[in-house]
Amino acid sequence: MSEQAGASNFIRDIVAADHTSGKHGGRAVMRFPPEPNGYLHIGHAKSICLNFGLARDIPGGICHLRFDDTNPTTENPEYVQAIQDDIRWLGFDWKGKIFFTSDYFEQLYDFAVRLIHKGEAYVDHLTAEEMRAYRGTLTQPGENSPSRSRAIDENLDLFQRMRSGEFADGTYVLRAKIDMASANINLRDPVLYRIRHTTHYRTGNKWCLYPAYDYAHPLSDAIEGITHSICTLEFEDHRPLYDWVVEQAETPHRPQQIEFARLNLTSTVMSKRKLLELVEKKLVNGWDDPRLPSIKGLRRRGYTPEAIRTFCDHIGVAKRDAIVEMQLLEHFIREDLNKRSPRVMAVLRPIKIILDNYPDAQSEELEAVNNPEDPSAGMRKVPFSRILYIEQDDFREDPPKQFFRLAPGREVRLRYAYIIKCVGVTKDPQTGEITEIHCTYDPTTKSGASQEQRKVKATIHWVSEAHAVKAEVRLYSPLLVTDPAKIPPEHDWTSYLNPNSLERMTNCLVEPSLRQTAHGMRYQFERLGYFCTDLDSTSDLLIFNRTVSLKDAWAKVEKAQPAR
RNA sequence: UGGGGGAUCGUCUAGCGGUAGGACGCCGGCCUUUGGAGCCGGCUACCUAGGUUCGAUUCCUAGUCCCCCAGCCA
C-alpha cells in the first residue's frame with residue numbers, strides 16, 4: 001500500500017496554514033503524549049496517525065513521542081515498551097525524539113518556584129474534601145482558601161519542604177492562584193503539585209512531589225517547542241488553563257492546543273479503564289486478546305498496520321462526537337487482505353464425502369491459484385483423493401430456495417477439481433444424523449482442463465481426508481451485544497459482554513500446505529474469510545484466528561427467507 | 001439555573017452565499033470455477049422557527065437536542 005498524505009481535516013488546515021505563514025518559524029512540531037498506564041488501542045491509532053501523519057506530510061515536520069508519566073501510582077515500564085512497539089508496528093517513527101515528562105521534573109519545579117515568586121501560586125493545606133467544598137459547584141462560585149493569602153516566602157519555604165519529603169501524602173498541594181469565582185471550574189485555583197510518597201518507575205524515590213497534568217503538559221510542550229498540541233475534546237475547557245500556565249511560566253515558546261473528537265466504535269469498548277478491567281478480571285485473555293480493539297489485540301487478530309492507517313485516514317478528524325461502525329474497520333482490512341493474502345482451503349465444520357467412482361488407491365495433485373488478485377503469487381498443488389471433507393453448511397438434504405450448493409441429486413464443482421453429484425447419504429441409524437455423503441465425480445470436468453462449458457451453480461471448498469491437517473480455528477464476534485453508548489451508566493457494563501465473542505472450532509481440517517505456516521501469517525480461507533496463524537499455534541496443533549469473514553451473500557439470502 | 005463544545009444520508013465525513021459530494025452500509029443488476037473479488041445503477045441528509053439576501057447548509061436572531069467539566073487522574 002503506498003504511503004499517501006492523510007486526508008484533509010480542520011487540524012491539518014490549521015497546521016498547514018501556520019506552517020505556510022511562518023507562524024512558528026516554519027516549524028511543525030507535533031507530539032503524541034501517552035501516559036504509560038495501559039496499552040494503546042485503535043483510538044490512540046487515530047491520534048498517532050494524525051500527529052505522526054502531519055509530521056510526515058509537512059516539510060520539516062516532526063512528531064515527538066512523549067511519555068506523560070506524572071502519576072507514579074499507575075505507570076510502569078511494561079507499558080512504555082508496549083507503546084513503543086505498537087507505534088513502530090503501526091509504521092511510525094519518532095526519529096529519536098523520545099521524551100519523558102519525568103525528565104522535566106527539575107525544570108518543572110523551577111517554573112513552579114517562579115510562579116510562587118510572582119504570587120501566581122500558593123501552597124494550600126486544605127484536605128481534598130475541604131477543597132471540593134471550597135470549589136463551589138457548576139452554578140455557584142467557589143470561595144478562597146484561607147491559604148490563598150499566604151506570604152510568598154512562606155509558600156516558597158513550604159514548597160521546598162514538600163519536595164524534601166517533610167509532609168505526608170495529601171497534606172499540602174501547590175495551587176495556581178487564578179479565580180475561585182471563574183465560571184470555568186478548571187480555573188478555580190487548580191492543583192499544580194501533589195505529594196505522593198511513591199516510587200516512580202523512572203525517577204525512583206528522588207521525588208515525592210509530582211506535577212499535575214494541567215501543569216506538566218503545557219510546559220512539556222513548551223520545553224519541546226511543540227507547535228500544535230493536539231488533544232481530545234474533553235480538554236477543551238482546560239485550554240484557558242493551558243494558556244495560563246504557559247503565559248505565567250514565560251516560556252520563550254508558546255504552543256497551541258487544538259482539540260478533536262476521540263474515536264468510538266460500535267459494539268466494543270475503548271476506554272482505558274474498561275480495557276484494563278477486562279484484562280484484570282480475566283474476562284479476556286490479556287491485552288493482546290484478538291477480541292480487543294487494542295493494537296496488540298488487532299495485531300494478533302490479523303489486522304495489518306496498513307488497514308488501520310487507511311481506516312484512520314477515512315474516519316476523518318472533526319469536533320462532533322461520533323461512533324464509527326465496526327463495519328468500516330472491517331471493510332478496510334478486507335480490502336487490504338484481499339489484495340495480499342494467499343488463498344488456501346480449510347474446512348471448519350467437516351462432513352465426509354465419498355466419491356464412489358473414484359479409485360480407492362488413487363490420488364492426484366491439483367493446480368490451485370494462490371491469489372487471483374495477484375498473479376505473481378503463483379500456483380500450488382493441492383492433493384485430491386476419494387475421501388474428502390466439505391463444509392457442513394455446503395450440503396442440505398432438503399435444500400431451501402436459492403440454495404445452490406450440494407444436495408441429493410445436485411451437482412457442484414469442487415474448487416480446483418471436478419464436478420461432483422450427490423447420489424445418496426449414509427445416516428447414523430440411532431440419531432438419524434448424516435455421517436457420509438456419497439457422490440460421483442465426472443472425470444471429464446477437471447478444473448482448467450475441461451473444454452465443455454458445463455455450468456454448475458456453486459463451487460465449494462474441500463480437503464482430502466488422507467492429506468488434511470487437523471487445526472483449531474478461533475472465531476471472534478463483537479465483544480459487546482450492544483453499542484457502548486446504549487448501555488445505561490447505572491448498569492454493570494460487563495453484563496453486556498457477548499458470551500460468544502470467542503468460539504473455538506477444534507475439529508477443523510486444513511490443506512497440507514499450511515503445515516509450513518508461521519505465527520502471524522495471513523491467509524484467505526476460501527469462501528470463509530481471512531485468517532492468521534495464532535501465537536499459540538505449534539507444529540503439533542495449528543491454530544488460526546479469523547480476522548474477518550468474507551462477505552457472505554448466501555447468509556443474507558437465507559436470513560431474508562421466511563422460516564421453514 | 002454556570003461554563004465550554006457540537007448538530008449534514010442508517011454510520012463517518014466534505015462543503016466557507018450559487019441550490020448538497022465521497023466512503024461504509026443497504027437495495028437492484030452484470031460478471032464469476034470463492035454466493036469472494038470486480039463492475040454498473042439506485043437509496044436516504046442540511047435540528048427547528050424566524051430574519052438578511054435575487055439566492056442560505058453556509059450570515060443574523062431565538063429556540064431545541066446531544067456531549068464535556070465540580071480528581072490531589074490524564
Side-chain angles (χ1 to χ4, degrees), chain A residues 7-9 33-35 37 68-71 73-74 124 126-128 131-133 135-142 169-175 182-188 190-196 210 212-214 216-217 231-240 259 261 263 266 272-273 311 314-332 334-335 338-339 343 345 369 371-373 402-405 412-417 419 445 447-448 450 455-461 485 524-529 549-558:
Chain A
S8 172
N9 59 59
E35 183 188 11
N37 69 347
D68 207 356
D69 52 356
T70 58
N71 184 354
T73 58
T74 55
D124 203 346
L126 253 29
T127 64
M131 205 179 288
R132 193 178 311 131
R135 187 151 37 222
T137 68
L138 292 179
T139 52
Q140 293 168 311
D169 290 8
T171 52
Y172 286 98
V173 290
L174 183 73
R175 300 179 73 178
S182 174
N184 181 346
I185 287 185
N186 296 299
L187 264 21
R188 317 241 264 231
V191 169
L192 267 24
Y193 271 92
R194 72 280 207 195
I195 298 170
R196 286 249 196 295
Y210 292 94
Y213 168 87
D214 282 319
H217 203 91
C231 64
T232 43
L233 250 28
E234 67 269 28
F235 294 105
E236 207 152 16
D237 50 14
H238 291 235
R239 195 184 336 127
E259 310 85 12
L263 170 65
T266 55
K272 268 186 170 182
R273 199 207 98 225
F311 170 74
H314 279 79
I315 53 176
V317 176
K319 293 193 71 158
R320 72 182 85 107
D321 298 305
I323 303 181
V324 176
E325 292 176 338
M326 193 64 88
Q327 294 155 114
L328 189 59
L329 214 209
E330 293 181 343
H331 164 75
F332 289 111
R334 281 195 190 100
E335 182 182 72
N338 174 50
K339 280 179 285 186
R343 269 97 242 235
M345 291 197 286
V369 174
N371 186 350
E373 304 290 318
Q402 295 184 78
F403 183 85
F404 301 153
R405 281 109 92 144
V412 295
R413 173 174 289 283
L414 293 176
R415 182 78 160 147
Y416 304 121
I419 291 176
T445 59
S447 187
S450 69
K455 294 284 183 190
V456 288
K457 295 278 263 183
T459 298
I460 64 175
H461 60 278
Q524 184 196 99
F525 288 2
E526 291 215 34
R527 304 206 305 135
L528 297 176
S549 67
L550 244 26
K551 282 199 263 180
D552 187 347
W554 163 241
K556 260 183 201 176
V557 172
E558 189 178 33

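Note: hydrogens, waters and symmetry copies are ignored here, and every other heavy atom, side chains too, is used. Order of the sequence lines fixes the chain letters, A, B, ..., with proteins taken first and strands second; residue numbering starts at 1 for each chain.
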Handout entry: Where the chi angle of G71(B) falls, syn if within 90° of 0 and anti if not
Key =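 Glycosidic conformation of G71(B): syn.
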Please classify the nucleic acid contact of [X] as base, sugar-phosphate, or nothing, using heavy-atom distances under 4.0 Å.
{"X": "K556(A)", "answer": "sugar-phosphate"}
{"X": "Y416(A)", "answer": "base"}
{"X": "E35(A)", "answer": "sugar-phosphate"}

If we take the [atom1] atom in both [N] and [M], what is their distance in whole Å?
{"N": "C47(B)", "M": "A70(B)", "atom1": "C1'", "answer": "30 Å"}
{"N": "U11(B)", "M": "C16(B)", "atom1": "C1'", "answer": "25 Å"}
{"N": "C30(B)", "M": "A37(B)", "atom1": "C1'", "answer": "14 Å"}
{"N": "G25(B)", "M": "U44(B)", "atom1": "C1'", "answer": "11 Å"}
{"N": "U48(B)", "M": "U8(B)", "atom1": "C1'", "answer": "15 Å"}
{"N": "C26(B)", "M": "U53(B)", "atom1": "P", "answer": "47 Å"}
{"N": "C69(B)", "M": "A14(B)", "atom1": "C1'", "answer": "31 Å"}
{"N": "U32(B)", "M": "G38(B)", "atom1": "C1'", "answer": "9 Å"}

Practice task
Give the B/S/- string for nucleotides 66-72 of chain B, one per nucleotide from 5' to 3', where a protein heavy atom under 4.0 Å of the base yields B, of only the sugar-phosphate yields S, and otherwise -.
Solution key: -SBBBSB
Handout entry: Sequence-aligned protein contact record of nucleotides 34-44 of chain B, with B where the base is within under 4.0 Å of a protein heavy atom and S where only the sugar-phosphate is
Key = BBBS-------
Report the distance from atom [atom1] of [X] to atom [atom2] of [N], rounded to the nearest whole Å.
{"X": "R413(A)", "N": "U32(B)", "atom1": "CZ", "atom2": "C1'", "result": "13 Å"}
{"X": "I315(A)", "N": "G25(B)", "atom1": "CD1", "atom2": "C1'", "result": "17 Å"}
{"X": "H331(A)", "N": "A23(B)", "atom1": "NE2", "atom2": "C1'", "result": "7 Å"}
{"X": "R188(A)", "N": "G3(B)", "atom1": "CZ", "atom2": "P", "result": "11 Å"}
{"X": "F311(A)", "N": "U13(B)", "atom1": "CZ", "atom2": "C1'", "result": "12 Å"}

Practice task
Represent RNA chain B in dot-bracket notation, 5' to 3'. Only Watson-Crick or G-U wobble pairs with both distances under 3.5 Å count; pseudoknot-style crossings use [ ] and interstrand partners use |.
Solution key: .((((((..((((....[..))))((((((.......))))))...(((((..]....))))))))))).....
Practice task
Name the closest nucleotide to the E325(A) side chain, picking from G6(B), U33(B), U11(B).
Solution key: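 Selected nucleotide: U11(B).
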Handout entry: Which residue lies more 5' along RNA chain B, comparing T74(A) with V324(A) via nearest heavy atoms
Key =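 Looking at the nearest nucleotide for each, V324(A) comes out on the 5' side.
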Handout entry: With sequence neighbours excluded, residues passing salt bridge (Lys or Arg N to Asp or Glu O under 4.0 Å) with R405(A)
Key =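 Here the qualifying residues are D394(A).
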Practice task
With sequence neighbours left out, write down each residue that passes salt bridge (Lys or Arg N to Asp or Glu O under 4.0 Å) with K556(A), or none if nothing qualifies.
Solution key: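 Here no residue qualifies.
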Practice task
Identify the residue among R527(A), R413(A), E526(A) that makes a side chain to side chain contact (heavy atoms under 4.5 Å, CB included) with T459(A).
Solution key: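 With T459(A) as partner, R527(A), R413(A), E526(A) yield a single side chain to side chain contact (heavy atoms under 4.5 Å, CB included), made by R413(A).
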Go through the structure and list residues passing side-chain contact (heavy atoms from CB on, under 4.5 Å) with [X], not counting sequence neighbours.
{"X": "N71(A)", "value": "E35(A), T73(A), T74(A), E75(A), R194(A), R196(A)"}
{"X": "N9(A)", "value": "I11(A), R12(A), L50(A), V317(A)"}
{"X": "L126(A)", "value": "D124(A), E130(A), M131(A), Y134(A), S145(A), P146(A), R175(A)"}

Practice task
Please check if the side chain of D214(A) supplies one atom and the backbone of L192(A) the other of a donor-acceptor pair under 3.5 Å.
Solution key: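 Such a contact is absent between D214(A) side chain and L192(A) backbone.
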Practice task
Check for a donor-acceptor pair, side chain of N184(A) on one end and backbone N or O of D237(A) on the other, with a separation under 3.5 Å.
Solution key: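 Between the backbone of D237(A) and the side chain of N184(A) there is a qualifying donor-acceptor contact (under 3.5 Å).
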Taking only residues two or more places apart in sequence, or in another chain, which ones meet [X] in a ring-ring contact (aromatic ring centres under 6.0 Å, His included)?
{"X": "H331(A)", "answer": "none"}
{"X": "F311(A)", "answer": "none"}
{"X": "F403(A)", "answer": "W554(A)"}
{"X": "Y416(A)", "answer": "none"}

Exercise for the section: Can you see which heavy atom on Q140(A) is nearest to which on R188(A), and at what distance? Expected result: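 Taking every non-hydrogen atom into account, O-NH2, 2.8 Å.
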Handout entry: Residue-phosphate contact under 4.0 Å: R320(A) side-chain N/O, U13(B) OP1/OP2
Key =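 Result: yes.
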